[in-house]
Structure formats: structure tokens, C-alpha cells
Amino acid sequence: MSCTSPFLPLSRLEELRTVYREGLCDDTLPFWFPRSVDPEYGGYFTCLDRDGSLLQSDKAVWFQGRMAWMAATAFLEIEPRAEWLACAKSGVDFLERHCFDTDGRMFFSVTREGKPLRKRRYQFSECFAIIAFAAYGRASGETRLIDRAEELLGQVLRYYQTPGLLPPKTDPDTRPMKGLAVPMILLVTAQELRKHRPGTLCDEVIRQSIREIERDFLKPELRCLLETVTPDGGFLADTFDGRCVNPGHSIEAGWFILEEARLRGGDPELVHLGTQIIDWSLELGWDREYGGLFYFRDALGKPCTEYWHDMKFWWPHNEAIIATLLAGELTGNPVYADWHTRVHDWTYAHFPDKEHGEWYGYLHRDGSVSTPVKGTMFKGCFHLPRMQLLAWQAVERLLAQYTNPRCGLSNN
């Protein structure tokens, strides 16, 4: 990648390094590990009250994968602590023992003991199992798990690409549709698996996923990335689903693409695509009255119907912090310094719980706390620590530019 000047001042970068590093290692990870690990049956609890006390023992299967991935990744990328590897093993073992149905598909939720409760048409549980198996397989040396991750990705692709294998969300004879979530999660799943099993399968999945996002979901005439389109990318303008934009999802897709650009040495076409998505999503999603990111917006400016459309959830802000750092790193454009500061400062002023640690997940539009719950079947140890880790790593790369002789920069 060509050398660009750091888009944030040295003093700000040093401050951010401390915030992200200490937030991850001294707050977020200690809040969840080992507290969330079930000492009797294995796996993880996620339904925790503000102080970390248990509210429900049912287990979200996708979080068994997400949190095993997080613990294994901490072992690989932060420090090889035995306790992190042990935490990862607990989740991986629980996944293998309890979370696969007889048809090879995975459940969405199970009881504490691992008895099935619910199975959904989506394959998100499978995708998070893939990244957990791959990261833990690398961390532990159990290469059979990396093999299993690759095989499971093949199964996910078969279900996705074969009409009729998965039940459709709506009757395809009446209204055929497809969602952004699938190419998005396939993109990042293949990126994570590729770290531990490079090869043409992951490269091809990444290529096809990016192409599908750009070709079918990106709408320059609307300046947004849609959540739902027809199978050939058509705009369902007369439906709520068709007009729906989730700024957090869009920003997340944008930084997945920027990360691929970074790994390819700053690929200009991918940088343009990723920053375009992020620019439009921030423009549409930012609340100019109270600050923070709306949860849903309508592509045509019509009213949203979901009652939580104007709430502020933790995870879109996590994704926006990563996205603005990557965009600034790859372009050097000072507009991303402004956006990063705006998003970071609002987020850190409202979400962290200074008394009990970790973050609130759900705020009202004005930034006040809606519920003090720290974990649910949808919030656990994933978006926040992933942001803290990736933001810390991005800041370290930006700080290195100040001492890189090729950049003509110094600490002076």
C-alpha cells in the first residue's frame, strides 16, 4: 500500500490506543470471561444483567461460535493466555456436542444442557461456527477443526446456491426477494477462514460476495445500500422491506470491503466502493439532532414502521468506529477524522457503563438508557471486543506511519 499521512494527530492516536487496548483487555474481555462460561455443561451464557448476573440460561448458538472465535482470536492476536484458549475450547466443544441437527444444519437456540429450542432458516449459526472452528483450530493445533470449517462453508454455499433447499422468507412465486445479510456474512466468514486456510474457495467466495453487494444492493441513485432487493437486484419501492436501510449493516459491509482492500495493498476500486458505502450510510444514518446512528431509515425518506427505528444500538456504532478508522487509513482524507471523532466521542459518552463495566446495548434516541441489560440472545461478547481489537490494530498501524521514514514523518 502506498504511504499516506496519518489522518489523525499523534496525540489523538496515542489516546485512542489506550482507550481501545485497555477497554478490550481490562474491561470487555474480563466482563465475559470466565463469567459467561458454563462450568457444568460448557458453552456460554449471554443473557446477563447490568452487573453480570445471570438472567436466563438458554444459549444462543450463534454466540457459541462468536465467543469461541473471540477467545481464540484474543489468544492468537493479543497474547497466548491459557485461560483464553480454555474459554474458546468450551464453546467449540459445546458446538460440536449439541448444536448440529441430524441434517447437518445448526440450531439457533438451545437449553443450558444443549437440548434444541429453535431452528431458523438463516445460516448465521453455521457461519459463526466456521470462524470459531478455524480460529480455535489454529490456536490449539487441531487442524481437523479447520478442515471442518472449510467443509461447513461448502455446505453453507450449497444451501445458499440451490433453490428450494432453504425455506424462503416470502413465497417466491408471489414476491421473490433476497437480503444483504447473506453476501455480507459470507464475505467476512471467508475472510476469517482464509487467515487459517488460504485457498481458492475463500478467494472466490470473497470475490462473488463483493460483486453481489455492489451489483444488486448498492443503489447510487438512492445513495444507499438496501437491505432487501429482488433476486436480480430490483428495487421493491412499494414495500417497507424494499425501502429499508440499516445504516449499521451498510457500514459493516463497507468496512468488510475496505479490509479486503487493505489486505490487497490498497486496491483502489475496493477503496472507492467501501468508502462510498460508508459515506452514504453515515450521511443517511446520523441523527443530526441528538447524535448517534439511527437503527433503520427509509431509502425514499418515508416513515419507518419498526418501533425501534430511531433507537441507538451499540453495534452500529462499533462498526462505524472501525469503518471510519479504515477509511481514514486507506485514503488519508481528513473527512474521516471528523467522522471518526464524531462517532467515537458520541459512542463513548453514552454506551459504556462506568460502574459495572462493559456497555449498555440499547439506548433511546436521546442517548438515555432503554434497558440496563448487558447481554441477550442477540448481544454478547462479539461486536464490542471485535471493534476494540480491530480499532487498536488500526491505530497501531497509523502510529507506525509517524516513524516510517518513507512517509517523511516523525514524532516531532
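Computation of the quantities below employed the complete heavy-atom set of this structure, encompassing side-chain atoms and omitting hydrogens, waters and symmetry-equivalent molecules. For this chain, numbers begin at 1 and follow the sequence in order.
- No more than 12 heavy atoms of other residues, nucleotides or ligands lie within 6.0 Å of CZ in Arg175, so this atom counts as exposed by the packing criterion.
- One N or O on the side chain of Thr28 and one on the backbone of Gly23 form a donor-acceptor pair closer than 3.5 Å.
- A cation-pi arrangement is absent between Arg386 and Phe128 under the rule of less than 6.0 angstrom and at most 45 degrees off the ring axis.
- Atom NE2 of His356 sits in a crowded spot, with more than 12 heavy atoms from other residues, nucleotides or ligands closer than 6.0 Å.
- Ile321 contributes atom CD1, which lies 8.5 Å from atom NE2 of His317 (distance to the nearest 0.5 angstrom).
- Taken to the nearest 0.5 Å, the CG atom of Leu222 stands 11.5 Å off from the CZ atom of Arg243.
- Phe45 is listed as a side-chain neighbour of Arg112, based on a closest heavy-atom distance under 4.5 Å.
- If you take CG on Leu10 and CD on Glu14, they are separated by 4.0 Å, rounding to the nearest 0.5 Å.
- Distance check: His196 NE2 to Leu145 CG gives 11.5 Å after rounding to the nearest 0.5 Å.
- Across all non-hydrogen atoms, the minimal contact from Met70 to Cys381 is CB-O, 3.9 Å.
- In this structure the side chain of Val19 reaches within 4.5 angstrom of the side chain of His344, judged on heavy atoms.
- Between Trp69 and the options Phe133, Trp84, Phe75, Phe382, a ring pair (Phe, Tyr, Trp, His ring centres under 6.0 Å) holds for only Phe382.
- Contact between Ile322 and Trp255 at its shortest, heavy atoms only, is CG2-CD2, 3.6 Å.
- More than 12 heavy atoms of other residues, nucleotides or ligands lie within 6.0 Å of CZ in Arg35, so this atom counts as buried by the packing criterion.
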Practice item. Output, in order, the C-alpha distance, side-chain angles, deciding distance and verdict of side-chain contact (heavy atoms from CB on, under 4.5 Å) for Phe63 and Arg66. Key: CA-CA 5 Å; Phe63 267 110; Arg66 284 176 162 191; 3.2 Å; yes

Exercise for review: For Lys178 and Asp216, run side-chain contact (heavy atoms from CB on, under 4.5 Å): C-alpha distance rounded to whole Å, both residues' side-chain angles, the deciding distance at 0.1 Å, then the answer.
Suggested key: CA-CA 10 Å; Lys178 67 177 183 178; Asp216 295 341; 2.5 Å; yes

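- Heavy-atom contacts from other residues, nucleotides or ligands closer than 6.0 Å to NZ of Lys195 number more than 12.
- Annotation: Glu269, atom CD; neighbour count of heavy atoms from other residues, nucleotides and ligands within 6.0 Å does not exceed 12.
- Using a 4.0 Å cut-off between charged side-chain N and carboxylate O, Lys169 and Glu227 make no salt bridge.
- The side-chain heavy atoms of His249 and Trp315, taken from C-beta on, include a pair separated by under 4.5 Å.
- Expressed to the nearest 0.5 Å, how far CD of Glu113 lies from OH of Tyr41 amounts to 4.5 Å.
- Residues Cys202 and Arg197 fail the side-chain proximity criterion, which asks for heavy atoms closer than 4.5 Å.
- Here the closest non-hydrogen pair linking Ser250 and Leu225 is OG-O, 3.4 Å.
- Cation-pi geometry between Lys312 and Phe294 is met: the NZ or CZ atom falls under 6.0 Å from the ring centre, inside 45° of the normal.
- Of all heavy-atom pairs spanning Ser209 and Pro183, the tightest one is CB-O, 3.4 Å.
- In the model, His364 has no side-chain atom that pairs as donor or acceptor with a side-chain atom of Tyr290 under 3.5 Å.
- Ionic pairing of Arg12 and Glu15 is present here: one or more N-O contacts between side-chain nitrogen and carboxylate oxygen are shorter than 4.0 angstrom.
- The aromatic rings of Phe94 and His98 are tilted relative to each other, their planes meeting at an angle between 30° and 60°.
- With Phe235 as the aromatic partner, Lys219 does not meet the cation-pi criteria of under 6.0 angstrom to the ring centre and within 45 degrees of the ring axis.
- Note: Phe108 and Trp62 meet the aromatic proximity criterion, with ring centroids under 6.0 Å apart.
- Between the side chains of Trp392 and Glu396, at least one donor N or O sits under 3.5 Å from an acceptor N or O.
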**Study point:** side-chain hydrogen bond (donor to acceptor under 3.5 Å, both in side chains) evaluation trace for Trp32 with Glu358
**Key:** CA-CA 9 Å; Trp32 291 99; Glu358 232 271 357; 2.7 Å; yes

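- Between Asp353 and Val369, the closest side-chain pair of non-hydrogen atoms is not below 4.5 Å.
- One finds the NZ atom of Lys119 at 5.5 Å from the CZ atom of Arg105 (value rounded to the nearest 0.5 Å).
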Review point. So Leu330 and Arg262, side-chain contact (heavy atoms from CB on, under 4.5 Å) or not? Walk me through it.
Key: CA-CA 7 Å; Leu330 289 168; Arg262 186 184 73 82; 4.0 Å; yes

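- Thr275 and Ala327 get closest at one heavy-atom pair: CG2-CB, 4.1 Å.
- Glu260 and Arg194 are joined by a salt bridge, as a carboxylate oxygen and a charged side-chain nitrogen come within less than 4.0 angstrom of each other.
- For the side-chain hydrogen bond (donor to acceptor under 3.5 Å, both in side chains) with Tyr336, the qualifying choice from Asp279, Thr331, Thr341 is Asp279, the only one to do so.
- Under 3.5 Å, the side chains of Asp51 and Ser53 contain a donor-acceptor pair of N or O atoms.
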Practice item. In sequence, state the C-alpha distance, the side-chain angles, and the governing distance for Arg50 and Tyr360, and then conclude on side-chain contact (heavy atoms from CB on, under 4.5 Å). Key: CA-CA 8 Å; Arg50 181 186 177 194; Tyr360 302 113; 3.2 Å; yes

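- Under the side chain to side chain contact (heavy atoms under 4.5 Å, CB included) rule, Leu258 has a single partner from Asp267, Ile277, Ile278, Leu270, which is Ile278.
- You'll find the ring centres of Tyr348 and Trp359 inside the 6.0 Å limit.
- Considering Trp286, Phe7, Trp346 as possible partners of Trp339, the one that fulfils the ring pair (Phe, Tyr, Trp, His ring centres under 6.0 Å) test is Trp286.
- Contact between Leu8 and Tyr402 at its shortest, heavy atoms only, is O-OH, 2.9 Å.
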